[in-house]
Asks: 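A single structure is presented below for examination.
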Amino acid sequence: MDAVFLARIQFAANITFHILFPSISIALGWVLLFFRLRHLRATDPQQKLDWLRAYRLWTKVFALTFALGVVSGVTMSFQFGTNWPGYMERVGNIAGPLLGYEVLTAFFLEAGFLGVMLFGHRRVGEMIHLGATFLVALGTLMSAFWILALNSWMQTPAGYEIVDGQFHAKNWLEIVFNPSFPYRFVHMVFASSLTCAFLLIGISAWQLLKGAATTSVSRVLRTGLVFAALAAPAQIVAGDFHGLNTLEHQPQKIAAVEGIWETTRGAPLLLFAIPDDATRSNRFELPVPKLASLILRHDPDGELKGLNEFPSAHPPVLPLFWSFRIMVGTGILMLLVSWVGLWRHWRDGWDFSLMPRPLLKLFAGMTFAGWVATIAGWYVTEIGRQPFIVSGLIRTSEVVSRVPIASIALTLAIYVALYVGLLAAYVGVLKYMAEKPEKGAEAIMSEDFAEDPHRYRSRGEFA
């Protein structure tokens with residue numbers, strides 16, 4: 001393994017670990033805002049308690065997720081200097097400000113109001129606390145906005161000029177809103193929505209299976225099912241538009257995804273194949289005639305360029321081919337599970353006690369299904385840009401550092417070991433929080449009742 005390959009693996013390990021947490025927090029912030037609004041608008045004491053319980057539990061999940069996302073993001077940004085110094089030397093005038101804006105939203109807006117959201121309930125007014133929840137959700141979304149603007153610019157560069165080998169901003173609007181950014185941003189938002197929705201579904205199902213569920217779990221489960229049932233078809237539509245945009249600007253990536261070596265009219269969709277870069281062919285093909293052309297050109301006889309049109313300038317085919325199919329297959333599975341689950345929950349009159357245990361086990365088993373689809377999608381995006389770090393302009397091999405191979409291998413091993421440990425700890429803490437539901441909500445409701453007995457229509461269990 002040479003330095004370029006090891007440095008790429010190290011960055012891939014970083015981004016694989018890091019993307020797990022924004023893929024939850026981008027959407028979870030808005031789910032928390034929904035829980036908070038439902039709590040404030042509820043007049044029935046039991047409903048009010050249920051929504052408060054849900055809010056308090058999932059605020060803790062958000063805080064844990066945000067912390068790991070920030071830490072892993074910082075280490076990833078360090079690698080621009082350690083492993084890829086040539087990248088910042090060439091495009092730092094563009095990448096630097098965009099990364100700076102992301103830091104402003106992540107640390108100043110999001111992290112600042114996160115403290116109010118976590119520790120300010122009943123210490124500040126209800127509307128101020130609601131506003132803090134909104135600003136945390138907005139900060140999370142804006143943080144993703146700036147990161148995806150930079151990533152999209154690397155895929156479809158625009159609005160720049162090159163002076164003495166360095167990239168300079170010529171039009172910031174064109175840089176930020178480059179040709180692929182709107183599609184990539186929407187696609188990531190829906191990916192986060194599905195990841196968050198199945199986390200809600202899976203943890204709620206786990207609580208039901210373990211007998212640790214409070215009455216709030218039914219509301220969280222229903223929220224997750226509705227969220228997933230709406231986000232899944234929306235993601236399919238967004239993915240189709242994103243694919244068409246990629247075909248226009250990065251046809252070599254689409255050719256690798258579809259395993260097309262020769263330019264073909266009426267290209268088949270390969271359900272299964274093993275692409276072979278050495279022979280520039282596929283083995284064990286299972287094709288559906290003309291379906292790839294129909295999907296990508298909206299014409300069964302449409303022409304798709306093959307990889308042989310891009311000698312020495314196309315990505316490795318095998319990882320792209322299978323990453324795409326894992327992403328799509330997982331997405332279809334999430335669509336079916338969410339629709340079946342929502343139908344069954346509706347048929348049972350929203351009574352979670354009637355949910356069959358095999359279905360609950362399926363829900364629990366798909367808790368992190370969104371992570372699988374998101375990681376596969378990011379591999380398609382990032383590997384699909386190779387051999388360039390800025391598509392068509394800067395090759396990855398041109399900007400790698402001269403750090404000794406042994407040093408890169410050592411730090412890679414340390415990173416992977418640390419990330420595996422942190423991931424195990426994260427999942428373990430989620431399991432603990434699911435099995436030990438929040439007990440403080442009842443105390444808060446009782447205190448509220450003592451301060452204002454007219455706030456609720458009846459004492460109920462808060463007497």
Side-chain angles (χ1 to χ4, degrees), residues 7-8 10-23 25-26 69-70 72-80 83-84 86-88 90-106 140-160 167 169 172-192 195 238-239 241-243 245-246 248-250 252-254 257 315 320 323-324 327 373-396 399:
R8 283 179 57 197
Q10 188 174 108
F11 197 82
N14 271 269
I15 199 170
T16 298
F17 182 73
H18 172 68
I19 195 61
L20 300 177
F21 306 105
S23 68
S25 60
I26 292 170
V70 168
S72 58
V74 169
T75 59
M76 188 169 64
S77 65
F78 286 160
Q79 291 193 21
F80 288 131
N83 288 10
W84 310 102
Y87 172 78
M88 296 306 290
R90 299 279 297 273
V91 304
N93 296 313
I94 292 173
L98 295 178
L99 291 172
Y101 300 148
E102 190 274 335
V103 169
L104 287 174
T105 53
T140 307
L141 187 64
M142 290 305 300
S143 179
F145 176 94
W146 293 116
I147 289 296
L148 288 166
L150 175 57
N151 182 269
S152 298
W153 182 83
M154 293 164 64
Q155 304 281 344
T156 53
Y160 65 91
F167 287 66
W172 277 108
L173 283 178
E174 291 182 5
I175 289 172
V176 173
F177 297 100
N178 57 79
S180 67
F181 169 74
Y183 305 95
R184 203 175 306 278
F185 181 67
V186 171
H187 198 52
M188 184 63 208
V189 169
F190 283 131
S192 176
T195 303
F241 280 106
H242 191 190
N245 176 263
T246 304
E248 179 182 356
H249 296 279
Q250 295 175 296
Q252 68 275 25
K253 182 187 289 188
I254 293 296
V257 162
L320 231 64
S323 293
F324 181 78
M327 177 187 70
T374 299
I375 291 172
W378 268 98
Y379 284 176
V380 171
T381 295
E382 299 305 293
I383 298 174
R385 191 182 60 242
Q386 297 301 319
F388 298 97
I389 197 165
V390 178
S391 288
L393 298 172
I394 304 176
R395 286 184 176 262
T396 306
V399 297

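Not measured: the values here are computed from a predicted model. Numbers here simply count residues along the sequence, with the first being 1.
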Asks: Are Tyr379 and Thr16 close enough that a side-chain donor and a side-chain acceptor fall under 3.5 Å?
Replies: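 There is such a pair (donor and acceptor under 3.5 Å, judged by atom type) between the side chains of Tyr379 and Thr16.
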Asks: Between Thr195 and Ala191, is there a donor-acceptor pair closer than 3.5 Å when you use the side chain of the first and the backbone of the second?
Replies: yes
Asks: Hey, are Asn178 and Thr156 close enough side-chain-wise for a donor-acceptor pair under 3.5 Å?
Replies: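 Asn178 and Thr156 do have a side-chain donor-acceptor pair below 3.5 Å.
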Asks: Check whether any side-chain heavy atom of Thr396 lies under 4.5 Å from a side-chain heavy atom of Pro387, and answer yes or no.
Replies: no
Asks: Are the side chains of Val176 and Trp146 in touch, meaning some heavy atoms are under 4.5 Å apart?
Replies: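 They are in side-chain contact.
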Asks: Rounded to the nearest 0.5 Å, what separation is found between the CD1 atom of Ile375 and the OG atom of Ser23?
Replies: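 Spacing of CD1 (Ile375) from OG (Ser23) equals 8.0 Å.
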Asks: For the residue pair Thr246 and Tyr183, establish whether any side-chain heavy-atom pair is separated by less than 4.5 Å.
Replies: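 They are not in side-chain contact.
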Asks: When you look at Arg184 and Ser152, which way does the side chain to side chain donor-acceptor pair (under 3.5 Å) test go after all the steps?
Replies: CA-CA 7 Å; Arg184 203 175 306 278; Ser152 298; 3.0 Å; yes
Asks: Are Arg8 and Gln386 side-chain neighbours, meaning at least one heavy-atom pair lies under 4.5 Å?
Replies: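 Side-chain contact under 4.5 Å: yes.
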Asks: Please give me the minimum heavy-atom distance between Ala158 and Ile175, naming the atom from each residue.
Replies: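 Heavy-atom minimum between the residues: O-CG1, 3.2 Å.
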Asks: Between Glu174 and Gly159, what is the shortest heavy-atom contact and its length?
Replies: OE1-CA, 3.4 Å
Asks: Where the side chain of His18 meets the backbone of Gly69, is there a donor-acceptor pair that is under 3.5 Å apart?
Replies: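 Yes, His18 side chain to Gly69 backbone: donor-acceptor pair under 3.5 Å.
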Asks: I'd like to know if the side chain of Asn83 and the backbone of Gln10 have a donor-acceptor N/O pair within less than 3.5 Å.
Replies: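 No: the side chain of Asn83 does not pair with the backbone of Gln10.
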Asks: Side chains of Met327 and Thr374: closer than 4.5 Å at any heavy-atom pair?
Replies: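 No, too far: nothing below the 4.5 Å cut-off.
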Asks: Take Asn245 and Gln250, measure what side chain to side chain donor-acceptor pair (under 3.5 Å) needs, and give me the verdict at the end.
Replies: CA-CA 8 Å; Asn245 176 263; Gln250 295 175 296; over 6 Å; no
Asks: Quick one: pull up CG in Asn151 and OG in Ser180 and give me the separation to the nearest 0.5 Å.
Replies: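 One gets 7.5 Å once the value is rounded to the nearest 0.5 Å.
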Asks: Can you name the closest pair of heavy atoms from Leu320 and Gly384 and give their distance?
Replies: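 Heavy-atom minimum between the residues: CD1-N, 3.4 Å.
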Asks: Looking only at side chains, do Thr381 and Gln155 share a donor and an acceptor under 3.5 Å apart?
Replies: no
Asks: Hey, does the side chain of Trp378 reach the backbone of Ile19 with a donor-acceptor pair shorter than 3.5 angstrom?
Replies: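 No.
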Asks: For a 4.5 angstrom cut-off between non-hydrogen side-chain atoms, does Val91 reach Val399?
Replies: no
Asks: How close do Gly92 and Pro97 get, heavy atom to heavy atom, and via which atoms?
Replies: O-CD, 3.7 Å
Asks: Heavy-atom distance under 4.5 Å between the side chains of Ser391 and His249, does that happen here?
Replies: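 They are not in contact (no side-chain heavy atoms under 4.5 Å apart), so the answer is no.
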Asks: Is there a side-chain contact between Tyr160 and Asn93 in this structure, where contact means two heavy atoms from C-beta onward sitting under 4.5 Å apart?
Replies: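 Answer no - side chains too far apart.
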Asks: Any idea which heavy atoms bring Phe185 and Ala144 closest together, and the distance?
Replies: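 Of all heavy-atom pairs spanning Phe185 and Ala144, the closest is CE1-C, 4.4 Å.
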Asks: Using every non-hydrogen atom in the two residues, find where Met154 and Ile389 come nearest and quote the distance to one decimal.
Replies: CE-O, 3.4 Å
Asks: Given the side-chain rings of Phe181 and Phe145, with only the six-membered ring counted for Trp, is the space between their centroids under 6.0 Å?
Replies: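 Yes, the ring of Phe181 comes within the 6.0 Å limit of the ring of Phe145, centre to centre.
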Asks: Starting at CD1 of Ile147, measure out to CD1 of Ile26 and round the result to the nearest 0.5 Å.
Replies: 10.0 Å
Asks: Roughly how far apart are Leu393 CG and Phe167 CZ, rounded to 0.5 Å?
Replies: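 Taking CG in Leu393 and CZ in Phe167, the distance rounds to 4.5 Å.
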Asks: Quick check: does any side chain N or O of Thr75 sit under 3.5 Å from a backbone N or O of Ser72, one acting as donor and the other as acceptor?
Replies: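 Flag set: sc Thr75 to bb Ser72 pair under 3.5 Å.
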